Amino acid sequence: MKSMRFAGSSGGAGLAVGGVLLLAACSGGGGTAAPSASATPYGTVLGQALEPVDSGLGKAAAATTPADLAKALGVVGSNAGRAARSLNSAVTPAGAEAARTDLVNALEALTLETSALSADIWSKKLCGLGVAQARLGAGQALQGVSAALAKLTTAGYRTAFTVPQLPAPQPQPRSLENGTMVREGGKGGKGTLKFDNQGSNDAVFTLAQGGKSVASVYATKGRLATVEGVEDGSYDFYYTTGVDWDSEAKQFTENCQFIKYQESYAFTPSVAAWNVVIGVNDGKGGAKIEGQTVNSAPQP
């Protein structure tokens, strides 16, 4: 470093430069070996590197849909990787090297964690917004960033970076008792619907008319659930399966699938009961089904 060579020179010029170095060290708030007076203060270097990460995390916390969150996570990951490279190449004051290394490692880990979390959202392994945000907040990477910044603050290098408020992890998996009516409706008729869940996950079965839910029932895997009092009329059948039922959002938060039977079915006085079976053979020799999304399927 130039500062080390100048400090070792002799004569009046060496004393003058040494005086400048002493003032720079005092104004920097930490570090025993500081760059020349024209160099950017290390606190500013940290702030400039971390500001895009901080902004991206704010957008992740403010996301209103899983898709929006996945996009924000992609930005966070890219910015975290860029910040790590920037800090790796920047001059680091003596006494801050260990904390800088911790911070760089945590930022690189944040890149990997956000990439994996985003992939889980796009693949429907994670379907619930709050659960995905909670997983981000509980990740080791963000905790590592906070811990490294705490060490740098102690050394005198403070930043405006803050971890946003994110949902707390929920006890998982949440579920309902078999046969619980998720939506009560259409109870004035004489029709009966028996829903036999032979799938590998819990499911919620929905009767719909005009694209809107009329009645929905929860069936745990391997169990039979019944909807009684179904009124005469033509209905579309939907079901969603997955793990961890969020009663407020009326959605499974992990491994979610949304299915619709292609044909509508009519309840009439002569057809008063239906027995619907879901399982691995759906759509193969029985009723034809088609995949749906959380946006195209009616909310149970």
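What you are looking at is a predicted structure, and each value in this text was computed from that prediction instead of being measured.
You'll find the side chain of L176 reaches within 4.5 Å of the side chain of S247, heavy atoms only. No side-chain heavy atom of L129 sits less than 4.5 Å from a side-chain heavy atom of T65. With a 4.5 Å cut-off on side-chain heavy atoms, L136 and V76 do not count as touching. Between Q251 and C127, some side-chain heavy-atom pair lies under the 4.5 Å cut-off.
In this structure, F195 is a member of the same hydrophobic cluster as V227, with clusters built from ILVMFWY side-chain heavy atoms closer than 4.5 Å. Under the 4.5 Å side-chain heavy-atom criterion for grouping Ile, Leu, Val, Met, Phe, Trp and Tyr, L193 is connected to V217 within one hydrophobic cluster. L142 and L69 fall within a single hydrophobic cluster, where Ile, Leu, Val, Met, Phe, Trp and Tyr are joined by side-chain heavy atoms under 4.5 Å apart, directly or via other members. Cluster membership for V163 and V75, using ILVMFWY side-chain heavy atoms within less than 4.5 angstrom, is not shared. The cluster map of Ile, Leu, Val, Met, Phe, Trp and Tyr, joined by side-chain heavy atoms under 4.5 Å apart, puts L57 and I121 in the same cluster.
Minimum heavy-atom separation, R100 to L152: N-CD2, 4.4 Å. Shown here for F161 and V53, the closest heavy-atom pair between the two residues is CE1-CG1, 4.0 Å. The two residues Y218 and T220 have their closest heavy-atom pair at CE2-CG2, 3.7 Å. Minimum heavy-atom separation, A49 to S86: CB-OG, 4.3 Å. Closest of all the heavy-atom pairs between N197 and A203 is ND2-N, 3.5 Å. Heavy-atom minimum distance, S175 versus W245: CA-CB, 4.4 Å.
Proximity of a side-chain donor or acceptor of S55 to a complementary backbone N or O of E51 within less than 3.5 Å is not detected. Of the possible donor and acceptor atoms, one in the side chain of E97 sits under 3.5 Å from a partner among the backbone N and O of G95. A donor-acceptor distance shorter than 3.5 angstrom exists from the side chain of Q143 to the backbone of A138, with no hydrogens or angles considered. Using a distance-only test at 3.5 Å, with no hydrogens or angles considered, a donor-acceptor pair links the side chain of S213 to the main chain of Q299.
Rounding to the nearest 0.5 angstrom, the gap separating the NZ atom in K221 from the CG atom in N178 is 13.0 Å. In this structure, CZ on R135 lies 5.0 Å from CD on E254, to the nearest 0.5 angstrom. How far CE of M181 is from CZ of R183: 10.0 Å, rounded to the nearest 0.5 Å. One finds the CD atom of Q170 at 7.5 Å from the CG atom of D246 (value rounded to the nearest 0.5 Å). Atom NZ of K125 is separated from atom SG of C256 by 12.5 Å, given to the nearest 0.5 angstrom.
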message = For a ring pair (Phe, Tyr, Trp, His ring centres under 6.0 Å) check, start with the C-alpha distance between F205 and F237, then their side-chain angles and the critical distance, and finish with the verdict.
response = CA-CA 7 Å; F205 189 83; F237 291 172; 5.3 Å; yes

task = For the pair V243 and D202, evaluate side chain to side chain contact (heavy atoms under 4.5 Å, CB included) and give the outcome as yes or no after the intermediate values.
result = CA-CA 7 Å; V243 176; D202 289 0; over 6 Å; no

request  = Please lay out, stage by stage, how S264 and D236 fare under the test side chain to side chain donor-acceptor pair (under 3.5 Å).
outcome  = CA-CA 5 Å; S264 297; D236 291 318; 2.5 Å; yes

ask   = Run the side chain to side chain contact (heavy atoms under 4.5 Å, CB included) check on T159 and D54 step by step: do they pass?
value = CA-CA 11 Å; T159 72; D54 197 16; over 6 Å; no

task = With side chain to side chain contact (heavy atoms under 4.5 Å, CB included) as the test, would you mind laying out the steps for N201 and F252 before giving the verdict?
result = CA-CA 10 Å; N201 289 319; F252 290 105; over 6 Å; no

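Other residues, nucleotides and ligands place no more than 12 heavy atoms under 6.0 Å from the CD atom of Q257. Shown here is K250, whose NZ atom has more than 12 heavy atoms of other residues, nucleotides or ligands within 6.0 Å. The neighbour count for Q140 CD, taken as heavy atoms of other residues, nucleotides or ligands under 6.0 Å away, does not exceed 12.
A salt bridge between D244 and R174 is present, with a side-chain N of the basic residue lying under 4.0 Å from a carboxylate O of the acidic one.
Just one of L112, N105, T111 meets the side-chain contact (heavy atoms from CB on, under 4.5 Å) condition when paired with E108; it is N105.
Under the side chain to side chain donor-acceptor pair (under 3.5 Å) criterion, D120 pairs with no residue at all, not counting sequence neighbours. In this structure, R85 has no salt bridge (charged side-chain N to carboxylate O under 4.0 Å, His left out) partners at least two apart in sequence or on a different chain.
In this structure, Y261 and Y239 have tilted ring planes: the angle between them lies in the 30° to 60° band.
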